[in-house]
Amino acid sequence: MTANATIWRAIVLTLFPEMFPGPLGVSLAGRALAFGLWALEARDIRASATDRHRSVDDTPAGGGPGMVLRADVLAAAIDAAEAAPGRPRLLMSPRGRPLTQSRVRELAAGPGPLIVCGRFEGVDQRVIEARQLEEVSIGDFVLSGGEIAAMALIDACVRLLPGVMGKAESGAEESFSDGLLEYPQYTRPQSFEGVPIPEILLSGDHAKIAAWRKAEAEALTRARRPDLWAISQKGSKNTTDG
Ligand code: SAH
């Protein structure tokens with residue numbers, strides 16, 4: 001696991017490379033980055049601009065507000081960045097398939113993605129098709145750029161890489177790992193503003209604790225995420241965290 005050639009690497013194409021590593025440079029992800037457990041390459045899309053003004057965007061064909069990232073500039077940036085083929089090519093986009101923990105797990109198991117961050121009104125459709133970009137959304141809301149979305153995706157992947165999280169279990173038991181939201185957590189003090197820790201958690205009876213946690217996770221998922229609950233009930237034999 002020391003060979004640099006096989007290290008998990010995120011290649012980010014952005015108009016604002018100075019935003020990286022940003023929050024990925026601290027805590028769990030930042031320590032792992034410093035230890036060389038993963039690598040980050042933030043590349044400036046503008047470096048692939050060819051005209052005198054280094055322009056990367058232009059007005060939308062057909063009219064309308066804002067600017068659109070040019071297909072030729074973006075394609076050149078992608079082609080210049082991609083050392084090895086076979087790397088997933090993602091475009092952060094509110095039109096994309098919503099990111100799930102199972103897709104995160106797949107991405108973490110691979111060589112690491114190339115991620116295009118949009119800005120303005122988005123990117124020219126032709127480059128999405130020509131470079132077969134997989135559009136990925138982090139939720140049904142609109143950000144001003146793809147960078148924060150890319151950071152969210154990278155953070156979710158990095159914490160699953162070997163050696164990044166302290167305990168192997170902490171990845172296996174959390175929300176979505178079995179298609180359910182996580183059970184509630186407690187720690188000291190034993191009484192907080194008069195509210196005690198649920199007695200069963202202090203009983204030392206591991207089977208009872210596991211059963212209690214499962215019941216809590218199920219009740220929480222049913223109440224908050226009927227969509228996840230329905231999937232977990234339908235396919236309790238399969239992985240159900242899609
Ligand atoms: N006009 C576009 C939105 C552009 S927002 C539309 O209506 O679909 C500018 C950029 O921010 C996008 O190109 C994308 O890269 C990023 N972005 C915005 N919301 C996002 C989301 N929910 N998930 C992932 N990326 C998003």
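Each ligand, and each atom within it, is numbered from 1 in the order the structure gives. Along the sequence shown, residues are numbered consecutively beginning with 1.
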Any protein heavy atom < 4.0 Å from atom 7 (O) of ligand 1: no
Arg126 side chain to Ala71 backbone, donor-acceptor under 3.5 Å: no
Residue and atom name of the nearest protein heavy atom (relative to atom 22 (N) of ligand 1), distance in Å to one decimal: Phe141 O, 2.8 Å
Interfacing atoms of ligand 1 (cut-off 4.0 Å, heavy-atom, Ser137): 22 (N), 23 (N), 24 (C)
Ligand 1 contacted by Ser144 (non-hydrogen, < 4.0 Å): yes
Basic-acidic side-chain contact under 4.0 Å: Asp57, Arg119: no
Trp8 (side chain) donor-acceptor with Leu107 (main chain) under 3.5 angstrom: yes
Residue pair Ile209 / Leu201, side-chain heavy-atom distance below 4.5 Å: yes
Closest contact, heavy atoms only, Met67 versus Phe120: O-CB, 3.1 Å
Note: Lys214-Glu218 ion pair, threshold 4.0 Å (strictly below): yes
Pick from Glu121, Met92, Arg95: the one approaching atom 2 (C) of ligand 1 most closely through a non-hydrogen atom: Glu121
Ligand-residue contact atoms, ligand 1 with Ala149, heavy atoms, under 4.0 Å: 24 (C), 25 (N)
Shortest protein contact, atom 5 (S) of ligand 1 (heavy atom only): Leu143 O, 3.2 Å
Protein heavy atom at shortest distance from atom 13 (O) of ligand 1: Gly118 CA, 3.3 Å
Which residue and heavy atom of the protein sit nearest atom 23 (N) of ligand 1, plus the separation: Ile138 N, 3.1 Å
Atom indices of ligand 1, in the order listed, that fall short of 4.0 Å to a heavy atom of Gly122: 13 (O)
Top protein contact for atom 17 (N) of ligand 1, by heavy-atom distance: Pro94 CD, 3.7 Å
More than 12 heavy atoms of other groups within 6.0 Å of Arg54 CZ: yes
Region of Val136 engaging ligand 1 - heavy atom pairs below 4.0 Å: backbone
Arg9 bridged to Glu41 by N-O distance under 4.0 Å: yes
Leu181 backbone acceptor or donor facing Thr221 side chain under 3.5 Å: yes
Closest protein heavy atom (residue, atom, distance) for atom 9 (C) of ligand 1: Phe120 O, 3.3 Å
Element-labelled atoms of ligand 1 that are located less than 4.0 Å from some non-hydrogen atom of Gly146: 11 (O), 15 (O), 16 (C)
Note: Arg89-Glu135 ion pair, threshold 4.0 Å (strictly below): no
Nearest-neighbour protein heavy atom for atom 25 (N) of ligand 1, which is reported as residue plus atom name and distance: Ser93 N, 3.2 Å
